[in-house]
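A short write-up of the structure that comes next.
What you are looking at is a predicted structure, and each value in this text was computed from that prediction instead of being measured. For the single chain, residues carry numbers from 1 onward in sequence order.
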Amino acid sequence: MDQTDKKLLELLQQNGRLSLKQLGDCIGISSPAVSTRLNKLEAAGYLEGIHARFHRDRIGYPITAFVQLALVSGKEDEFRYYIAGQSNVLDCFFVTGEYTVILKTAFPYTMALDSFVSQLRQFGKTTTNIVISTVVERLELPLV
């Protein structure tokens with residue numbers, strides 16, 4: 001990845017709606033050259049797609065919660081299969097420490113969250129933290 005690719009990715013992080021022409025104008029290359037570079041970046045695994053970001057409250061998911069799970073040994077495969085089918089799970093991380101898994105979730109109401117957590121208990125002990133406010137939520141990273 002060269003400096004032009006990095007600049008292209010930085011621009012897309014800031015505004016994924018920029019057209020190929022707009023991207024090209026910003027970095028001084030043609031639209032076909034931008035398209036070729038984006039295809040190469042995607043094929044190389046640098047670019048996973050360009051997605052819209054929604055305000056969860058506005059689309060009916062005002063409850064954000066982090067659920068920690070101390071996964072019972074031997075249940076990893078079953079858990080992975082189960083969690084892949086849960087559309088309310090935004091992120092799933094295997095971590096070090098007392099809990100094996102941390103889930104970032106979004107729900108329309110607390111009863112739905114409670115039902116989800118109850119189902120998770122088949123895989124181990126849980127602890128749930130409901131988000132009161134969000135101070136920082138970044139999707140952009142500086143490219144090194």
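The closest side-chain heavy-atom distance from Thr128 to Leu113 is below 4.5 Å. In this structure, the side chains of Leu71 and Phe94 come closer than 4.5 Å at one or more pairs of heavy atoms. Between Val34 and Arg37 there is no side-chain heavy-atom pair separated by less than 4.5 Å. Using a 4.5 Å heavy-atom cutoff, the side chains of Val67 and Thr127 are not in contact. A heavy-atom distance below 4.5 Å is found between the side chains of Asn88 and Pro108. By the 4.5 Å heavy-atom criterion applied to side chains, Val101 and Phe93 are not counted as neighbours. Two residues are said to be in side-chain contact when any heavy atoms from C-beta on lie closer than 4.5 Å; Tyr99 and Lys125 meet this criterion. In this structure the side chain of Met1 reaches within 4.5 angstrom of the side chain of Leu9, judged on heavy atoms.
Transitive grouping of hydrophobic side chains (ILVMFWY, heavy atoms separated by less than 4.5 Å) brings Leu69 and Val117 into a common cluster. The hydrophobic clustering, which links ILVMFWY residues whose side-chain heavy atoms are closer than 4.5 Å, places Ile130 and Tyr109 apart. Leu38 and Leu143 end up in the same hydrophobic cluster when Ile, Leu, Val, Met, Phe, Trp and Tyr side chains are linked at under 4.5 Å. Taking hydrophobic clusters as Ile, Leu, Val, Met, Phe, Trp and Tyr residues chained together by side-chain heavy-atom distances below 4.5 Å, Val89 does not share a cluster with Tyr61. One hydrophobic cluster, built from ILVMFWY side chains closer than 4.5 Å, cannot hold both Val72 and Leu120; they sit in different ones.
One distance of note links CG of Asn15 with CD of Gln22; it measures 7.5 Å at 0.5 Å rounding. One distance of note links CD of Gln14 with CG of Leu12; it measures 9.5 Å at 0.5 Å rounding. The CD atom of Gln13 sits 11.0 Å away from atom CD1 of Ile50, with the distance rounded to the nearest 0.5 Å. Taking SG of Cys26 as the reference point, atom CD of Glu10 lies at 12.0 Å (rounded to 0.5 Å). Here NZ of Lys21 is found 11.0 Å from OG of Ser30. Values are rounded to the nearest 0.5 Å.
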Quiz prompt | Glu137 and Arg53: CA distance, side-chain angles, deciding distance, side-chain contact (heavy atoms from CB on, under 4.5 Å) verdict | solution = CA-CA 12 Å; Glu137 187 172 42; Arg53 183 176 177 189; 3.4 Å; yes

Exercise. Show the numbers, then the answer: is there a salt bridge (Lys or Arg N to Asp or Glu O under 4.0 Å) between Lys6 and Asp2?
Key: CA-CA 6 Å; Lys6 287 181 181 180; Asp2 64 14; over 6 Å; no

Self-check item: Ile29 and Thr4: CA distance, side-chain angles, deciding distance, side-chain contact (heavy atoms from CB on, under 4.5 Å) verdict
Solution: CA-CA 9 Å; Ile29 63 175; Thr4 302; 4.3 Å; yes

Self-check item: Ile59 vs His55, side-chain contact (heavy atoms from CB on, under 4.5 Å): CA-CA, chis, key distance, verdict
Solution: CA-CA 7 Å; Ile59 62 168; His55 193 287; over 6 Å; no

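The shortest heavy-atom contact between Arg56 and Ala106 is CD-CB, 3.7 Å. The two residues Leu103 and Cys92 have their closest heavy-atom pair at CD2-SG, 3.4 Å. Nearest heavy-atom pair, Leu11 versus Leu18, reported as atom, atom and distance to 0.1 Å: O-CD1, 4.0 Å. Nearest heavy atom pair, residue Gln68 against residue Ile102, reads CG-CG1, 4.1 Å.
Less than 6.0 angstrom separates the ring centroid of Phe116 from the ring centroid of Phe107.
For Arg17, the CZ atom is loosely surrounded, since the number of other residues' heavy atoms within 6.0 Å does not exceed 12.
Although no hydrogens or angles enter the test, the distance criterion places no donor-acceptor pair under 3.5 Å between the side chain of Ser115 and the main chain of Met111. In this structure, Glu76 contributes its side chain and Gly74 its backbone to a donor-acceptor pair below 3.5 Å. Not one N or O on the side chain of Asp114 forms a donor-acceptor pair closer than 3.5 Å with the backbone of Thr110. Using a distance-only test at 3.5 Å, with no hydrogens or angles considered, no donor-acceptor pair links the side chain of Glu78 to the main chain of Lys75.
Defined by atom type and a distance below 3.5 Å, a donor-acceptor pair is present between the side-chain atoms of Gln119 and Tyr82.
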